[in-house]
Amino acid sequence: MNVSVAPAAGGGGVLRADGEPARAVTDLAAEVRRLEERRPRWVWADTREVYPSLLAAGVRPARCHDLALTEGLLLAHEGRFGEPRSARAAYARLRGLPVPDDPHGPQARQATLFDEEAPEPDADLVAEVHADQLRRVERTADPHRFRLLVAAESAGALIAAEMARDGIPWRRDAHDELLTGLLGPRPVHGMRPARLQALADEVAAAFGTSFNPDSPQQILRAFKTAGVPVASTRARDIRQADHPGVEPLLAYKEMARFYSFHGWAWADQWVRDGRFRPEYVVGGVVTGRWATNGGGALQIHKLMRKVIVADDGWTLVVADAAQLEPRVLAAMAGDGGLARAAGQTDLYQALAQVFGGERDNAKIAMLSAMYGGTSGDAPKLLAVMRRRFPLAYRFVEDAAREGEEGKVVRSWLGRTSPPPSSGWRELVSGPEGGRAARDRGRFTRNFVVQATAAEWALVLMAVLRGLLPDPARLVFFQHDEVMVHCPAEQADEVIAAVGRAAEEAARLLFGATPVRFPMQAVAVRCYADAK
DNA sequence: ATTACTGGCGCC
DNA sequence: AAATGGCGCCAGTAAT
């Protein structure tokens, strides 16, 4: 059963179940809770608009259909990349009305919520767009797969909202201790922390002149004046210089980044009540990976992991997929040899024999194939790969060639790559055309693998969400890694659920495949203990 | 004063 | 000769 939902201000809204007339309710959350027993698929314009208030009321529906996310997937598949994807835009297109632009920028959600032009809550409208989308799904290259993609993307929207609400357990006291140990006590506003200032002073002493080590221009000038010019301010270029200022400068740069990315000001903004609550953007990356809006949740520094600690009596189950992308390639390409290697826990080790006995060689060969790498030993190793794993090799080569020709490519479930930019074709026919073509080839080559890996991870999470016992909660997701916060006594059950979810995700995407997708799951008190 | 871009580097 | 993909975010800087 589908139930279309249009929320209204004040906690009410309009509901419409399939085949029934729309009806207004005064307490939407209560009504959703009541109807959830019948396991409907909730259809709404945008999970980000609807779900937070339901969550606040403690309602966590099992499944939904997010019109905006689905519209984006459909438009891309239909070759209409870039058209407005909101539910209102979709409705306007259906009706031949002026199509509103998508809200964008930091005010995106406010604009969506408070736009005075917004139509009245209308469940009929939601149902109409939904029906249209279902018809369009049937016209995709593989409707069965695309339906899974839509379901997974929509589940991702639920999970993202839930994770933003639940938050990663974050110990501010431990964070402060870590920062103080590295940088010195928290400085007054506008001052450098003591350790950072000391390093800046060391740099100044080494160069015999004071300058701002945060300024790339001033760094370049300082090295030039000292008679040891550096190619850039990249750490590896600075390291080439023979000068006493190199060491303190590199130390400064490293700490300065830490201070500004993960310092006290960051914690003031993002950590509340012992939880770090980032805002995830589902499908924020063209490949279907998630992005974040502030907080930098997908770039948490490894050092920072020691401040992510389970609540008393609780535990963190941390699980990451081992070598996800080559496994995905093996399954997609149907390459028997590679699939056999991907039946092992350590895929690269299983391939070492093929590549001269070195595990590292196997890794370089696979990564070069998936990323389009050509430096170092890559050509030699790729030649081996071409001979030994011809189907996998051809799969990524085909994707690269299509990209170079300006075509779009699709993930396993049907997510479509963006077309080349408007100026690309001219660029390709110009003097630097070969480079532009190869650049795009590398992108599409990687797209098919990265996007399918993202789909596997999304399906994994959707399945896992349904298997978790209450009150265990998904609290973190980073491309191929998930974290569950749960009572300690649930750890074994959660670890088992992760394994089952991984198997189910593989089955849902690829059916019967010899490729294994092992998840290394551990229960730890502190994130830093997971690896 | 505000905005847009760049270089560099963290994560996968 | 060398040529790997996807991001977010910061400070500095240039442009407005």
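So that the names make sense, note that chain A is the first sequence line, chain B the second, and so on, each numbered from 1. Predicted model only: the values in this text are computed from it and were never measured.
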Candidate nucleotides [options], ranked by approach to the side chain of [X] - the nearest:
| X | options | result |
| --- | --- | --- |
| S215(A) | dG12(C), dG8(B), dG6(C) | dG12(C) |
| Q478(A) | dC11(B), dC10(C), dT13(C) | dC11(B) |
| T233(A) | dG10(B), dG7(B), dT4(C) | dG7(B) |
| H479(A) | dC7(C), dT13(C), dC12(B) | dC12(B) |
| S375(A) | dC9(B), dC9(C), dA3(C) | dA3(C) |
| D214(A) | dA11(C), dC7(C), dG5(C) | dA11(C) |
| T374(A) | dA3(C), dC9(B), dC9(C) | dA3(C) |

Length of the line joining [X]:[atom1] and [N]:[atom2], which is rounded to integer Å:
| X | N | atom1 | atom2 | value |
| --- | --- | --- | --- | --- |
| E254(A) | dA11(C) | CD | P | 17 Å |
| Y280(A) | dC12(B) | OH | P | 13 Å |
| L220(A) | dT6(B) | CG | P | 17 Å |
| R438(A) | dA2(C) | CZ | C1' | 10 Å |
| M255(A) | dA11(C) | CE | P | 17 Å |
| W290(A) | dG8(C) | CH2 | P | 15 Å |
| Q217(A) | dG7(B) | CD | P | 11 Å |
| Y259(A) | dC10(C) | OH | P | 13 Å |

Kindly say whether, by distance alone, the side chain of R257(A) makes a donor-acceptor pair under 3.5 Å with the base of dC9(B)?
-> yes
Is there a donor on the side chain of R234(A) or the base of dC9(B) sitting less than 3.5 Å from an acceptor on the other?
-> no
Please confirm whether the backbone N or O of [Y] pairs with a side-chain atom of [X], one donor and one acceptor, at under 3.5 Å?
| X | Y | answer |
| --- | --- | --- |
| R272(A) | D268(A) | yes |
| N446(A) | Y371(A) | no |
| R145(A) | W412(A) | yes |
| W424(A) | A436(A) | yes |

Contact class for [X] vs. all strands (heavy atom < 4.0 Å): base, sugar-phosphate, or nothing?
| X | result |
| --- | --- |
| A235(A) | sugar-phosphate |
| E325(A) | nothing |
| L324(A) | nothing |
| R435(A) | nothing |
| R305(A) | sugar-phosphate |
| G284(A) | nothing |

Under 4.0 angstrom between N293(A) side-chain N/O and dG8(C) OP1 or OP2 = no
Residue-phosphate contact under 4.0 Å: T292(A) side-chain N/O, dC7(C) OP1/OP2 | no
Does the ring of F443(A) carry R440(A) above it, NZ/CZ under 6.0 angstrom from centre and within 45° of its axis?
-> no
Euclidean distance, H262(A) NE2 relative to L182(A) CG, rounded to 0.5 Å | 11.5 Å
dC9(C) - base-pair partner by Watson-Crick or wobble geometry, distances under 3.5 Å | dG8(B)
Taking the six-membered ring for Trp, are H175(A) and W266(A) parallel (under 30°), tilted (30 to 60°) or perpendicular (over 60°)?
-> perpendicular
Just checking, any donor-acceptor pair under 3.5 angstrom between side chains of Q323(A) and D346(A)?
-> yes
Using heavy atoms and a sub-4.0 Å distance, could you list which residues of residues 439-452 of chain A are near DNA chain C? By number, please.
-> R442(A), F443(A), N446(A), Q450(A)
Measure the shortest side-chain to side-chain distance between R171(A) and E177(A) over non-hydrogen atoms and say whether it is less than 4.5 angstrom.
-> no
